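Computed from a predicted structure; not experimentally measured. We name chains A, B, ... by the order of the sequence lines, and we start the count at 1 in each one.
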Amino acid sequence: MSDVVERTLTALPSLLSSDPSPGRPSSTSKLGTLIRGITELTSKHDEEKLIQRELVSIKEQVSSPNTTMMKELMVRAVYCEMLGYEASFSYIHAIKLAQQGTALDKRVGYLAVSLFLNESHELLLLLVNTVLKDLQSTNLIEVCMALTVVGQVFPKDMIPAILPMVEEKLNHPKEIIRRKAVLALYKFYLIAPNQVQHIHSKFRKALCDKDPGVMSASLHIYLEMKPESYKDLVVSFVTILKQVVGGKLPIDFNYHSVPAPWLQIQLLRILSLLGKNDRSTSEMMYEVLDESLRRAEMNHNITYAILFECVKTIYTIHPKAELLEKAAKCIGNFVLSPKINLKYLGLKALTYVVQQDANLALQHQMTIIECLDHADLIIKRETLELLFRITNGQNVKVIVEKLLEFLRHSKDDYRNISKGVYLPINECTYAPDNSWFIRTMNTVFLLVGDQMQPDIPNSFLRLLSEGFESAEEDQQLRLLAVDSYVSLLQEQPARLPQRFLQVISWVLGEYSSVKEGLEPATVLRLLAPLLDLRHCSSETKSWVLAAMTKLSAGPACLSVAQELAERHGGSLDTTLRQRLHELQHLASDGELLRRVLPCSDGLEPLEVDSTLSFLDGFVSEALAAGAAPYKPPHQRQEELAQEKALSVEPYGLSLPLSLSSSSIAGRLSPTVLSMSSGLSGNSTELSPKGGSALRLEGVTRVWGKEGYLAKAALKPEEAAKTEVPCPLSVLQEGGSAPRTPVVSLPAPAPGPSLQAEREKQQLASCLFMGLGSQGAAGPCLMGKAEPTRHGFRKKVKGQGSSSGARGPSGDSASSSPSPLSAQSAMDNLLCSSPLDSGSTPSPADSAPSPADSAPSPADSATSPADPDAEASSWLFSHWVLVVGVQVSRVRGGPEEEEEHVEGHSVAVYQYSLVPTRPSVHMELAGRASYQRPDGEPQSTPFSYGLSLPDFISRPLSVSTEEYGRLWLASSNDIKQNLALLSQEPDPLRATLHRLRDRLQLNVVDIIASEGIVACQLLQGPPCLMHCRLNAGCLAVWLRSSLPELPDCLLYHCQRALAQH
Amino acid sequence: MHFLLLFSRQGRLRLQKWFTPTPEREKKKIIRDMTAMVLARKPKTCNFLHWMDLKVVYKRYASLFFCLAIDDQENELLALEILHRYVELLDKYFGNVCELDIIFNFEKAYFILDEFLIGGEVQETSKQTVARCIERLSSLRNSCRRLRL
């Protein structure tokens, strides 16, 4: 089968005899025999038999007590696992080998462990002691191996056990140990950031290490942190980069005579994070960026990698014209390069920068067009990705056409990837008209079908249900959708993909009443055959039945319902039967139907009683009848753990023991119990809506009348979008491309290629239409720019600050940066002047000018003193103010509120926020939209940061006994050592009182060297903290019923104690 | 970095390293997808692929394909050079490395990788230093052998 391998294998003996060096294959070993055996086999079946035999023999040998071949056996087991055969019996032996063997055995043992086990594997706990022992070893190699394995896999819970030892290694004389220790700490930071809060200072120290290897290892963490927390390091990073670029590092670190490229790129990336939206910081790095660009001139991949990163950084930080120009040139070199990899990166860079500087895409439009027809699908894809970014109302048709073509031709899995994501976003923003939109969406659904990500149909449905600005538009859109779906169903419903069927049935169920003359019964008859389709999944059938239920009013429907019930009543699918039953029942009882599924257009938010108080009567009856009281799952688990576990006492710091016991408890969770409770929980959700929540996790947000849910999930961008008062229909068909032959181009080559060239140019003029027309500077190739009638519908993301300060980014044709030929610039002027003088409002006029924006609402938004009640007020004369407050990340309160304030008035609104899932920091964000007398709507976002202590309303007062009970009822815990205020006379008391003052915790009791503390979230569960003096620090143990709460609280405790 | 795979032209896996925790099933699917996708690439196409939301960078060295998955924001060219540096390291250790070296001594290939990358980050970019670490290991190996003799 593998001829090359076989040929080399026959040559192997001679090769072996001639080369006795230790690095050469040892094919005489058992591994060699195994590998050769496998190579010789021809069928998968034979291979399987051989491996199984091998595994059996390995198993026998490893378990014999005095085997000397352990290392060999382990290597063979690893090999079998690599081929995809499970060798789980050997995991424990790998750990044993790491524990007991000689140095090389250990190495193999550790290797096998890191290959076999992943972080959550429970056997990994057994490795902790070995690692501890090796970290203490005097043998350098053993320490190295231990640190290597720690940097790869280590159980999260056990980090505190080895943390001090790893930190100690940061001061080790050998640089390799220091470097590995830094990487291990970085790994800890990734998997459990809260447990290593204090290590940042250590990383700063490592940054100053005299060994460049250690220094570069310490950089990793800065990419993961918030840039605000290390702004002061900018100077250091810039200096380091300068030194690296200047070739000051030892020659060892050169790679193909480029000095430390990895380090350079790492630094560039950090700089881009630091300089983003920060002018003064950016200014510090201009010089070094310029130097990096200049120095990287060699023709090698690695210099291109550095250049690419440089360009990215330059376009991310606060712009500087001179650098931008150089970067643009650099991108040009990439795009025009004959090397395909560079071309790819050039396209990627263009995609990245095109939002800031659309002209750059214009310069390369012919290359882009060529790439669109490139033989390599990946290049093609990247080009399409680029085109999406420059989509606007004028070129959307052409671009979408290209996309659909791509979808039709690429038969492989590419289609289900990010491609489709951009589509709806683009279309709903830029679609020229409704019928085109519906037709295109139909094509997309048909083409992509079930490989589509679920969020596409979701956002489509949301769009339909929420609509745009004018109700008339929405109705038309819905009518068109209903029309086209009815005709689709009449033709050949069997060939429609599942997701499309689901969309169709939802729309018909919801909106078929929009179409006059369409009887519900007719729709029912159209939908009914779908249930007979063989390939129709149970999920889709549920969608169909739900739609039918919504429509089932009147006697005609009843007969259809009964027919269906007869036909499918015997189905084995219980959900289906349940739905059928509901349908039948509701169809016969019109009154009930109206109550269950009220037919209203308004998206009234439904009140959901999450406490299930309506069940109280039922519960008390059941209790009276002798039923056991309900216990939440975590409590049951806790009780079970108490039975099984060795020790769950809150005393003593025997961490390994209690942790392993709790993990045992986790595995033995009572599945039967939790299943039954899960069922009862679901059934309550089921009752009003017909159980859509049961399986359709991703889809429920738009299901049925629950439009409010979708609304809650509305993203800020969309919120902004819906406020733009320009109706969709303004973008008429007339916006299509003027296909005038191109005059302004340098004369195209004569001959047969002329025609092709022409076509390409035409395509280009269609594709790049409207680009760079920010200020009417039409693309040079278009010859003539069509006056646009829509105002500033185009989203200019990130344009505001950057291009404004950058200067001539195309504000008028004359000042546009002109690498274009003089000829074309001339044409530009000529053709753009009629546009300017035309009667249509040019976009530049209507663009919001930041200078005269309102007295910044953001200022007043950040003022509220009482975090419980967010009150915002504005006063504007003559202006209409709409304030939309959207609460992100904080749940439970009003998800989105919109308030209107009339001119000349003051209004005060109050809301209360309740965090259902605590987090260390939360943010309240919103957007204030206001309209000036001249009718120009503007909006300003504002946000207000909240932290957990804001929600700890008042200390939870409990007695010590109650505390004990609560302690057992809470299942999520976390342990940590905190710094003690040791200079105080009574450190424990002082520390706890500090916590009380800062975080409003209640100190329940202090007994000798221990104290218990409690607090409660506003309308939330309590969190308990047990503190004990232990060797100069405070060992705390936090518990709560909310999994996130202890973590967050711990963070704030650390903060509170750190601030003196 | 998410994972590194080495496989032959016939799609046989030679080495796999996962830098992020991945369930077994997922691993099998990824390996299947990767080999199929990479082997289907025609010559003179670029060395990058998209897979789900990851970027896959691959390169062929003789009969072996090296295939590295990175995040979308990461630098593809740099990833290519990581592969190249790894090959250089293998070359330095084995002396003119061929596929057979990796087949029969795959554990050593892993050792070299561990000295080069840890947890998906480049640990040591200096070839000398990595080589020193590996030498130290192999001297260890020889001393063991002597002991056994």
Side-chain angles (χ1 to χ4, degrees), chain A residues 1-2 4-5 8 12 21-23 25-27 31-32 35 75 78-79 82-84 102-104 107-108 111 115 118-120 141 148 151-152 176 179-180 183 186-187 213 216-217 220 252-253 255 260-263 265 301-302 304-305 308-309 340-341 344-345 376 378-379 381 414 417-418, chain B residues 8-10 12-13 15-18 21-22 24 28 31 33 42 44-50 52-53 63 75-78 80-81 85 93-95 98-101 103-108 110-111 114-115 118-119 121-129 133 136-138 140-142 144 147:
Chain A
M1 63 193 277
S2 49
V4 183
V5 179
T8 14
L12 204 65
S21 89
S26 51
S27 65
L31 177 71
I35 295 171
V75 170
V78 171
Y79 190 80
M82 182 165 75
L83 291 180
T102 63
L104 188 61
R107 185 74 189 87
V108 174
L111 173 70
L115 290 174
N118 58 25
E119 257 146 45
S120 50
I141 291 177
T148 309
Q152 295 181 29
I176 181 174
R179 193 181 65 223
K180 288 197 188 230
L183 282 168
Y186 167 63
K187 171 83 174 175
S216 56
H220 294 307
D252 262 14
F253 288 86
Y255 175 80
W262 277 274
L263 184 52
I265 283 173
N301 260 347
I302 197 76
Y304 291 125
F308 179 73
E309 209 61 48
I340 194 158
N341 284 345
Y344 175 88
L345 279 194
D376 190 348
I378 301 291
I379 298 279
R381 221 193 95 125
Y414 296 130
I417 358 183
S418 67
Chain B
S8 70
R9 236 171 27 164
Q10 290 76 30
R12 238 169 214 291
L13 198 62
L15 192 137
Q16 54 172 340
K17 186 84 189 176
W18 304 87
T22 323
E24 274 316 309
K28 279 191 182 156
I31 293 170
D33 284 6
K42 294 187 190 83
K44 287 196 187 154
T45 49
C46 66
N47 293 53
F48 317 124
L49 284 171
H50 295 254
M52 306 299 265
D53 44 359
S63 54
N75 193 321
E76 290 90 351
L77 282 181
L78 194 70
L80 263 185
E81 295 312 301
R85 173 43 60 104
Y93 179 71
F94 289 109
C98 67
E99 190 184 345
L100 282 178
D101 291 321
I103 299 175
F104 286 106
N105 293 294
F106 68 93
E107 82 275 17
K108 275 159 218 137
Y110 275 122
F111 292 155
D114 281 351
E115 295 305 322
I118 274 194
E121 297 291 351
V122 174
Q123 181 197 173
E124 183 54 75
T125 56
S126 150
K127 192 149 94 177
Q128 260 65 32
T129 318
C133 296
R136 203 176 292 144
L137 266 174
S138 44
L140 192 78
R141 195 184 115 99
N142 290 338
C144 288
L147 279 180

From B:I103 atom CD1 to B:N105 atom CG, the distance as rounded to the nearest 0.5 Å: 10.5 Å
Considering all heavy atoms, the nearest B:F106-B:L15 contact: O-CD1, 4.3 Å
Chain A contact via B:K17 - side chain, backbone, both or neither, heavy atoms under 4.5 Å: side chain
pair B:F48-B:L80: side-chain heavy atoms closer than 4.5 Å: yes
Options B:I31, B:L13, B:L77, B:T22, ranked by heavy-atom pairs under 4.5 Å with chain A, top entry: B:L77
Per-residue contact mode, B:L78 against chain A (heavy atom under 4.5 angstrom): both
Heavy-atom contact with chain B under 4.5 Å, split by part of A:Y344: side chain
Heavy-atom pair count under 4.5 Å with chain B, highest-scoring of A:L115, A:L83, A:T148: A:L115
Lys/Arg N to Asp/Glu carboxylate O, B:E99 vs B:R9, below 4.0 Å: no
Toward chain B, the part of A:I302 with a non-hydrogen atom under 4.5 Å: both
Among A:N118, A:L111, A:I265, residue most engaged with chain B (heavy-atom pairs, under 4.5 Å): A:L111
Structural part of A:Y186 lying under 4.5 Å from a heavy atom of chain B: side chain
Side chain B:N75, main chain A:A305, donor-acceptor under 3.5 Å: yes
Side chain to side chain, A:V108 and A:V75, heavy atoms closer than 4.5 Å: yes
